[in-house]
Amino acid sequence: MEKLMPVAHILGRVILGLIFVGAGLSKIMGDHGATMQYMQQMGVPGLLFWPAALFELLAGLAVLIGFKTRIAGLLLAGFCGLTAVLFHANFTDPMQMGMFLKNFAMMGGYLMLMVAGAGGYSVDSRKISAD
């Protein structure tokens with residue numbers, strides 16, 4: 001088991017990073033108007049579209065490459081919790097309940113990443129030389 005931990009750590013970090021890299025790119029390259037309209041229907045100002053999309057992309061990339069991983073993990077955990085409450089709290093709709101639980105599961109993963117850090121094969125783990 002001990003030998004699998006570094007591989008599991010990097011694999012988990014990469015998967016958690018890709019979730020938001022994909023989401024950010026999808027928002028940036030997708031139908032901005034429809035997403036903004038959905039945000040407004042849920043009581044969130046549409047002008048938050050671009051900051052949210054850029055946050056998803058950049059925080060996802062940070063986790064993916066292991067840069068400032070603990071901070072990115074904490075921020076993404078908060079983002080997952082907030083978006084679960086704002087967009088998926090309709091528990092009468094089974095799909096929305098599933099999305100709510102998915103966001104909370106992701107929040108748990110990001111909190112674990114905040115605790116564990118980036119692990120090996122990451123920007124955070126590189127040694128900086130004084131040479």
Side-chain angles (χ1 to χ4, degrees):
M1 244 355 198
E2 197 70 29
K3 290 182 180 183
L4 292 177
M5 286 190 189
V7 174
H9 196 127
I10 189 170
L11 187 59
R13 192 187 80 231
V14 167
I15 291 168
L16 284 168
L18 285 174
I19 292 167
F20 277 103
V21 169
L25 286 174
S26 176
K27 281 183 181 63
I28 291 167
M29 297 168 67
D31 185 350
H32 307 142
T35 303
M36 287 181 194
Q37 184 178 17
Y38 176 69
M39 291 171 68
Q40 290 169 343
Q41 287 173 350
M42 303 307 288
V44 177
L47 65 98
L48 292 177
F49 169 83
W50 284 107
L54 291 173
F55 170 77
E56 288 181 356
L57 177 61
L58 295 175
L61 284 170
V63 168
L64 181 69
I65 66 171
F67 176 71
K68 303 290 184 185
T69 307
R70 292 178 190 270
I71 295 168
L74 175 63
L75 293 174
L76 283 166
F79 188 85
C80 287
L82 182 64
T83 56
V85 170
L86 290 175
F87 295 103
H88 306 300
N90 179 4
F91 300 128
T92 60
D93 180 349
M95 185 172 150
Q96 291 304 316
M97 183 167 205
M99 297 292 280
F100 182 91
L101 294 172
K102 177 229 12 139
N103 274 36
F104 264 68
M106 288 174 27
M107 186 170 74
Y110 288 112
L111 289 172
M112 294 295 291
L113 197 57
M114 180 195 74
V115 170
Y121 303 107
S122 66
V123 174
D124 290 347
S125 72
R126 76 186 190 282
K127 303 289 186 238
I128 299 174
S129 173
D131 297 330

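Quick caveat: nothing in here was measured; it's all calculated off a predicted structure.
Within 6.0 Å of the CE atom in M42, the count of heavy atoms belonging to other residues, nucleotides or ligands exceeds 12. More than 12 heavy atoms of other shown residues, nucleotides or ligands fall within 6.0 angstrom of atom CZ in F55.
Rounded to the nearest 0.5 angstrom, K102 NZ and M95 CE are separated by 9.5 Å. Atom CG of L58 sits about 12.0 Å away from atom CG of L64, to the nearest 0.5 Å. Summarising the geometry, atom NE2 belonging to H88 is positioned 6.0 Å from atom CD belonging to Q96; distances are rounded to the nearest 0.5 Å. With rounding to the nearest 0.5 Å, the separation of CG in L86 from CG in L48 is 10.0 Å. Annotation: the span from I28 atom CD1 to T35 atom OG1 amounts to 11.5 Å, rounded to 0.5 Å. Separation of atoms CG (D93) and CE (M99) is listed at 10.5 Å; rounding is to 0.5 Å.
For the pairing with T69, the side chain to side chain contact (heavy atoms under 4.5 Å, CB included) check across L74, L16, L113 returns one residue only, L113.
The shortest non-hydrogen separation linking P45 to Q40 is C-CG, 4.4 Å. Scanning both residues, A118 and S122, for their nearest heavy atoms gives CB-OG, 3.4 Å. The shortest non-hydrogen separation linking K27 to A53 is CB-CB, 3.9 Å.
In this structure, the ring of F87 has its center less than 6.0 angstrom from the ring center of Y38. Annotation: Y110 is not in aromatic contact with F79 [ring centroid separation under 6.0 Å not met].
When side chains are defined from C-beta on, V21 counts as touching L25, because their heavy atoms get closer than 4.5 Å. A 4.5 Å side-chain heavy-atom check between I65 and L61 finds every atom pair outside the cut-off.
Residues V85 and M97 fall within the same hydrophobic cluster, defined by Ile, Leu, Val, Met, Phe, Trp and Tyr side chains chained together at heavy-atom separations under 4.5 Å. Hydrophobic clustering keeps M106 apart from L11 (ILVMFWY residues linked when any side-chain heavy atoms are closer than 4.5 Å, directly or through intermediates). A single hydrophobic cluster is not seen to contain both F20 and V123; linkage of ILVMFWY side chains at heavy-atom distances under 4.5 Å, directly or through other members, places them apart. Placement of M29 and I19 in two distinct hydrophobic clusters is found when ILVMFWY residues are connected by side-chain heavy-atom separations under 4.5 Å, directly or transitively. Hydrophobic clustering (ILVMFWY, side-chain heavy atoms < 4.5 Å, transitive): I15 and F67 are in distinct clusters.
Under the side chain to side chain donor-acceptor pair (under 3.5 Å) criterion, D31 pairs with no residue at all, not counting sequence neighbours.
The closest donor-acceptor contact from the side chain of H9 to the backbone of G117 lies under 3.5 Å. R13 places a side-chain N or O within donor-acceptor distance of the main-chain N or O of V63, the cut-off being under 3.5 Å. Side chain of N103 to backbone of G81: no donor-acceptor contact under 3.5 angstrom is found.
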Residue pair N90, T92: steps toward the side-chain hydrogen bond (donor to acceptor under 3.5 Å, both in side chains) verdict: CA-CA 6 Å; N90 179 4; T92 60; 2.5 Å; yes
F49 vs H32, side-chain contact (heavy atoms from CB on, under 4.5 Å): CA-CA, chis, key distance, verdict: CA-CA 8 Å; F49 169 83; H32 307 142; 3.3 Å; yes
